[in-house]
Amino acid sequence: MSAVPELRITLAGVERVVAAGTTAGEALEADGRTVIAAYVNGEPRDLAAEVAEGDDVAPVQIASETGRSILRHSAAHIMAQAVQELFPEAKLGIGPPIENGFYYDFDVAEPFTPEDLKRVEKRMQEIVKQGQRFARRPIDDSEARAELAAEPYKLELIGLKGGSSDDDGSSVEVGEGGLTIYDNLHPRTGELCWKDLCRGPHLPTTKVVPAFKLMRSAAAYWRGSEKNPQLQRIYGTAWESKDALKSYLTMLEEAAKRDHRKLGAELDLFSFPDELGSGMAVFHPKGGVVRKAMEGYSRHRHEEAGYEFVNTPHISKRALFETSGHLPNYAESMFPPIELEGAEYFLKAMNCPMHNLIFKGRGRSYRELPLRLFEFGTVYRYEKSGVVHGLTRARGFTQDDAHIYCTDEQMPDELDALLTFVLNLLRDYGLDDFYLELSTRGDSDKFIGEPEEWAEATDRLRQAAEKQDLDLVMDPGGAAYYGPKISVQAKDAIGRTWQMSTIQVDFQQPKRFGLEYQAADGSRQRPVMIHRALFGSIERFFAVLLEHYEGAFPAWLAPVQVTGIPISDDHVAYLERVADRLRAEGIRVEVDSGDDRMQKKIRNAQKQKVPFMLLAGDDDVSKDAVSFRYRSGEQNNGVAIDDAVAEIVAAVRTRA
RNA sequence: GCCGGUGUAGCUCAACAGGCAGAGCAAUCGCCUUGUAAGCGAUAGGUUAGGGGUUCAAAUCCCCUCACCGGCUCCA
C-alpha cells in the first residue's frame with residue numbers, strides 16, 4: 001500500500017503532521033459556523049483551502065473582527081446575487097465589508113425603492129436558507145474577461161489589477177496575485193447559482209450568515225470619483241448572532257436620541273430657520289447661555305496661557321484673500337463677492353489674513369514673540385448644498401481661532417506647550433479619550449513650499465505629538481496646502497470619534513504677507529506661524545458636547561442649573577428667596593411658579609435635564625431647608641439652605 | 001454639486017383610492033393647592049414649505065424653487 005504523502009504544519013502553535021490534500025478547515029476541525037475561516041501564515045483563507053508544507057494554521061472566529069469582515073463580505077455577495085436575480089439587468093460594482101456592515105454598488109436604470117430593498121432582503125433570506133456553497137476558482141485574466149463580458153465594471157477592475165488600492169475598495173475584488181472567482185453552488189445539485197470576481201475569503205456556505213439586515217440605499221460614484229457615473233449602493237449590516245444585530249440596532253437608536261439637531265430643538269437651544277438659508281443657525285437664550293459659559297471658560301484659560309485678544313471684521317476686499325492664497329485655492333468654497341464702490345468684498349472664510357495684518361501693523365521685535373493672537377472669529381464658507389449638517393457642518397460658524405507667531409527656535413517648545421494646553425482644555429470640557437493624527441504632505445501639486453520646510457515642520461509636530469502619552473496615527477497627504485498639521489481626535493461617550501482641535505504649521509503666509517520681526521542682532525527675520533483652533537468651531541464643539549452628554553450638560557454648562565419646585569403656591573416666595581441666594585453666587589436658577597402640579601414640574605425639569613431640582617414644602621420651610629432631586633432621580637431631603645447653596649456652588653465651580 | 005427620500009398647528013403625528021384639514025403635547029384662560037416624571041375643563045392655533053399646472057374638486061396627481069433627512073463627492 002502506497003503511503004499517503006504527508007505534510008508538517010503548525011496548528012495553534014503546535015506542529016502536526018497531516019495528509020496531503022487536507023484543508024485548513026479539516027486541520028482545524030472547524031465547525032464552519034463559529035470558526036468560519038482560517039489564518040494561513042497570518043492571511044485569512046477559506047476553510048476549503050488546502051494547506052501546504054510548513055503552513056501555520058489558526059482559526060478565524062466569526063465573532064472576531066476578521067470573522068465579521070468575512071461574514072459581511074459574504075453577505076454582500078448574497079445581496080448582489082439577490083439583486084441580480086430580481087433585477088437581471090443590474091451590473092455589479094464593488095461590494096466590500098465596512099465598519100458595522102457592508103455595501104454593494106449596482107448600475108441599474110432605476111434607483112432602488114424601499115420596497116425593492118424589502119424584496120431583496122427576502123430573496124437573501126431564501127439564499128441563506130438554501131445554504132449555497134462559496135467555491136473559490138482561480139482564473140486567468142483572459143478567461144475572466146470572457147466570463148465577465150457582461151460586467152463592464154468588473155472588466156475595468158481586471159484592467160486595474162495590481163494598480164488597485166484600498167482607497168476605492170477595489171482591492172476586495174482583485175487582490176495582489178492571480179484573479180479568482182467565487183461560485184455560489186447549490187448544496188445538493190452543485191449547480192452554479194451565481195458567481196462574482198472576488199479575492200475572498202468567504203464563509204463556507206450562505207447558511208452560516210446568522211443575522212443581517214438591509215439598511216438603506218444611496219447613490220455613490222463609481223470608484224469614488226465624481227467624474228465617474230453614479231451607481232446605486234445598498235448598505236446592509238450583518239452580525240454573528242441575532243443578539244449582536246439587535247444590540248447594533250439598539251445602539252443606532254441610542255445614537256439617534258443623542259442627535260444634536262433633535263436635542264437642540266427639544267431643549268430650545270438653537271434652530272435653523274428656513275428664512276435664514278441653509279447651514280445657518282440661531283442660538284436661542286438657553287443655547288446662548290451654554291455658549292457663553294463655554295466661551296467664557298475658554299477665554300479665561302487663554303488669558304492665563306498668554307494669549308492676546310483681537311477682533312476683526314467679517315468682510316474684506318479681494319486683495320487680502322489673494323495675498324493669503326485663499327482665493328486662488330479655495331474660491332469655490334467662499335461666498336461670491338459683494339461689489340461696492342468699484343471693489344469686490346468677500347466674506348471671510350478664515351481669520352488668519354486679518355491676524356497677519358495685525359502682526360504687520362507695526363514693526364515687531366523678537367521680544368514680543370511668541371505673539372499669540374486669539375479671536376472668536378465668525379467665518380462663512382460656501383459648503384456644498386448636500387453636505388450641510390446641523391451645527392457640525394454649517395455655512396456660518398465661529399472659530400476659536402488663534403495664530404501664534406514665533407521664531408524657528410521657539411517652535412518646538414511652543415508646539416509642545418500648545419498641545420498640552422489643548423488637551424487639558426478639552427479634558428476640562430469633559431472629553432478625555434483622545435488620539436492624535438499627523439497629516440503630512442502628499443504628492444498632489446496643491447501643496448506649496450519647500451520640501452525641507454515641510455520636513456522640518458512635520459518633524460517638530462511629530463516630536464510634540466510623541467511627548468503626549470497618546471496614540472499617533474499618520475495621515476499621509478492629509479495636510480493643508482500650506483503646511484502639516486496635528487489634529488486631536490476625541491472619542492465621545494458612545495465611542496464615536498470627532499476631529500476636534502487642529503494645530504498647523506505655516507511657512508507660507510508669513511512669506512506671502514512679508515511678515516518680519518527684528519532679531520536681537522538687528523537682522524530682520526521671518527516668523528513661523530502656527531494656526532490653531534481648539535473647538536474647531538464653537539457650533540460644532542457645542543454639537544459634540546451636546547451629543548456626548550446627551551443633552552445632560554454638567555452643571556457648569558447647563559443652561560438652567562437649578563429649578564425650584566414649590567409643593568404648593570405657598571412655597572413660591574420661600575423658594576424665590578433661596579433662588580436669590582443662588583443668583584448672588586452666579587447660579588442660573590428658575591423657580592417654577594406655574595399652576596402645574598408639583599409632579600408635572602418635576603417631569604418638565606427632568607425633561608429639560610436640569611441638574612438640580614430644589615423642592616420646598618411645609619416640612620422644608622419649617623426647618624429652613626430644601627429637598628434635592630438630582631437629575632439621576634435621587635433625592636436628598638431636608639437639606640439646610642446654606643448647605644444646599646454650598647453644594648450647588650461647589651458643583652458649578654469645580655465643573656463637576 | 002450628484003442620487004434618493006421627506007415637508008400638514010410651536011412639537012410628534014393622523015386625514016382610505018383626489019371629496020368639509022384632525023388628535024395628543026406645548027400655549028392662553030379658568031378650576032384644583034398638591035411631597036419627587038403628565039390633575040381637570042375651556043379657548044386659541046393652518047394660504048397643508050413657496051410658486052405654477054391638471055381637475056367640477058388637490059394636503060393628496062404633475063412641474064419648478066426652497067428647506068430638511070440618508071448617502072456619494074468635498075471639508076483650508
Side-chain angles (χ1 to χ4, degrees), chain A residues 103 105 110-114 116 215-235 256 259 261-262 265-266 268 271-280 321 324-334 349-353 379 381-390 392-394 399 439 446 478-483 485 499 502 504 506 508-509 531 533 536-537 540 565-572 594-608 613-620 627-631 633-638:
Chain A
Y103 66 80
D105 289 343
E110 295 294 324
F112 297 107
T113 65
D116 292 338
M215 304 301 284
R216 62 175 61 93
S217 64
Y221 296 106
W222 167 239
R223 300 189 62 229
S225 168
E226 62 184 329
K227 295 186 189 79
N228 289 338
Q230 278 196 333
L231 306 181
Q232 292 300 318
R233 174 172 296 179
I234 302 178
Y235 285 93
D259 190 313
R261 294 163 300 186
K262 182 177 152 71
E266 282 173 7
D268 195 16
S271 61
F272 298 90
D274 277 5
E275 294 86 339
L276 218 44
S278 182
M280 263 133 7
F321 299 117
S324 69
H326 290 116
L327 267 177
N329 284 284
Y330 297 105
E332 78 288 350
S333 53
M334 289 177 75
M350 285 295 256
N351 299 301
C352 34
V379 298
R381 295 179 186 177
Y382 175 64
E383 300 287 359
K384 289 198 240 166
S385 61
V387 308
V388 169
H389 182 94
T392 57
R393 197 79 184 270
Q399 295 182 306
S439 300
K446 79 169 184 176
Y481 71 93
Y482 51 72
K485 72 174 177 195
Q499 178 179 313
T502 57
Q504 307 185 348
D506 185 354
Q508 299 310 317
Q509 286 204 49
H531 303 245
S537 93
R540 193 180 128 86
I565 298 177
I567 300 302
S568 81
D569 282 353
D570 302 340
H571 311 113
V572 171
D595 54 8
D596 286 322
R597 287 176 71 205
M598 173 268 301
Q599 287 88 340
K600 182 61 175 294
K601 292 178 180 179
I602 287 169
R603 178 181 154 87
N604 288 341
Q606 215 48 82
K607 282 174 67 177
Q608 288 297 303
M613 280 157 265
L614 287 186
L615 280 71
D618 289 339
D619 296 350
D620 300 288
S627 292
F628 274 97
R629 179 187 165 102
Y630 301 99
R631 191 158 49 192
E634 287 172 285
Q635 306 179 25
N636 187 11
N637 296 332

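The structure presented is a predicted model; accordingly, all values stated were derived computationally and were not measured.
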Return the nearest nucleotide to the side chain of [X]; candidates are [options].
X	options	result
A:Gln230	B:rC72, B:rG35, B:rG4	B:rC72
A:Ser627	B:rA26, B:rU36, B:rC3	B:rU36
A:His326	B:rA76, B:rC68, B:rU73	B:rA76
A:Ala219	B:rA67, B:rG71, B:rU36	B:rG71
A:Arg261	B:rC32, B:rG70, B:rC2	B:rG70
A:Arg381	B:rG39, B:rG71, B:rA76	B:rA76
A:Lys384	B:rU34, B:rG1, B:rC3	B:rG1
A:Arg216	B:rC72, B:rG70, B:rG35	B:rG70
A:Tyr235	B:rC2, B:rG71, B:rC74	B:rG71
A:Gln504	B:rU36, B:rG1, B:rA76	B:rA76

Please measure how far the [atom1] atom in [N] lies from the corresponding atom in [M], and state the result in whole Å.
N	M	atom1	value
B:rC61	B:rA44	C1'	34 Å
B:rG39	B:rG24	P	15 Å
B:rC72	B:rC11	C1'	32 Å
B:rA49	B:rC40	P	33 Å
B:rG50	B:rC66	C1'	7 Å
B:rA27	B:rG10	P	14 Å

So [X], base contact, sugar-phosphate only, or nothing? Heavy-atom distance under 4.0 Å.
X	answer
A:Asp595	base
A:Tyr482	sugar-phosphate
A:Gln599	sugar-phosphate
A:Ala349	base
A:Asp620	base
A:Asn329	nothing
A:Ser333	base
A:Tyr221	base
A:Gln232	sugar-phosphate

Quick check: on RNA chain B, is the nucleotide nearest A:Met280 upstream (toward 5') of the one nearest A:Lys607, or the reverse? Name the residue that is more 5'. A:Lys607
Tell me which of A:Gly279 and A:Asn637 sits closer to the 5' end of RNA chain B, going by the nucleotide each one is nearest to. A:Asn637
Would you say A:Arg540's side chain and A:Gln499's backbone share a donor-acceptor pair under 3.5 angstrom? yes
Could you tell me whether a side-chain N or O of A:Ser627 sits under 3.5 Å from a main-chain N or O of A:Gly638, the two making a donor and an acceptor?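 Side chain of A:Ser627 to backbone of A:Gly638, a donor-acceptor pair under 3.5 Å: yes, one is there.
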From [atom1] of [X] over to [atom2] of [N], roughly how many Å is that when rounded to an integer?
X	N	atom1	atom2	answer
A:Ile567	B:rU36	CD1	P	8 Å
A:Asp569	B:rG30	CG	C1'	14 Å
A:His571	B:rU33	NE2	C1'	10 Å
A:His389	B:rU73	NE2	P	16 Å
A:Leu615	B:rU34	CG	P	15 Å
A:Lys262	B:rC13	NZ	C1'	13 Å

[N] phosphate, OP1 or OP2: any side-chain N/O from [X] under 4.0 angstrom?
X	N	answer
A:Lys227	B:rC72	no
A:Ser385	B:rG1	yes
A:Tyr382	B:rC75	no
A:Ser278	B:rC66	no

May I have the step-by-step check of side chain to side chain contact (heavy atoms under 4.5 Å, CB included) for A:Leu614 and A:Phe628, ending in yes or no? CA-CA 5 Å; A:Leu614 287 186; A:Phe628 274 97; 3.6 Å; yes
With distance as the sole criterion, do the side chain of A:Arg597 and the base of B:rA37 form a donor-acceptor contact below 3.5 Å? no
When only distance counts, do a donor and an acceptor, one from the side chain of A:Arg223 and one from the base of B:rC72, lie under 3.5 Å apart? no
Passes side chain to side chain contact (heavy atoms under 4.5 Å, CB included), A:Gln504 versus A:Ser439? Steps please. CA-CA 9 Å; A:Gln504 307 185 348; A:Ser439 300; over 6 Å; no
Which one is paired to B:rU28, where only Watson-Crick or G-U wobble pairs with both distances under 3.5 angstrom count? B:rA42
Name the pairing partner of B:rC2, where a pair is Watson-Crick or G-U wobble with both distances under 3.5 Å, or state none.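 Paired with B:rG71.
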For atom CD of A:Glu332, is the number of surrounding heavy atoms from other residues, nucleotides or ligands below 6.0 Å larger than 12?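 Result for CD/A:Glu332: enclosed.
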Go through the steps for A:Gln635 and A:Asn637 under the test side-chain hydrogen bond (donor to acceptor under 3.5 Å, both in side chains), then give the verdict. CA-CA 6 Å; A:Gln635 306 179 25; A:Asn637 296 332; 3.2 Å; yes
Let's go through A:Tyr330 and A:Phe321 carefully: what are the C-alpha distance in whole Å and the side-chain angles of both, what is the deciding distance for ring pair (Phe, Tyr, Trp, His ring centres under 6.0 Å) to 0.1 Å, and is it a yes or a no? CA-CA 10 Å; A:Tyr330 297 105; A:Phe321 299 117; over 10 Å; no
Looking only at side-chain N and O atoms, does A:Tyr481 offer a donor or acceptor that is under 3.5 Å from a partner on A:Gln508?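 Side-chain D/A pair, A:Gln508 to A:Tyr481: absent.
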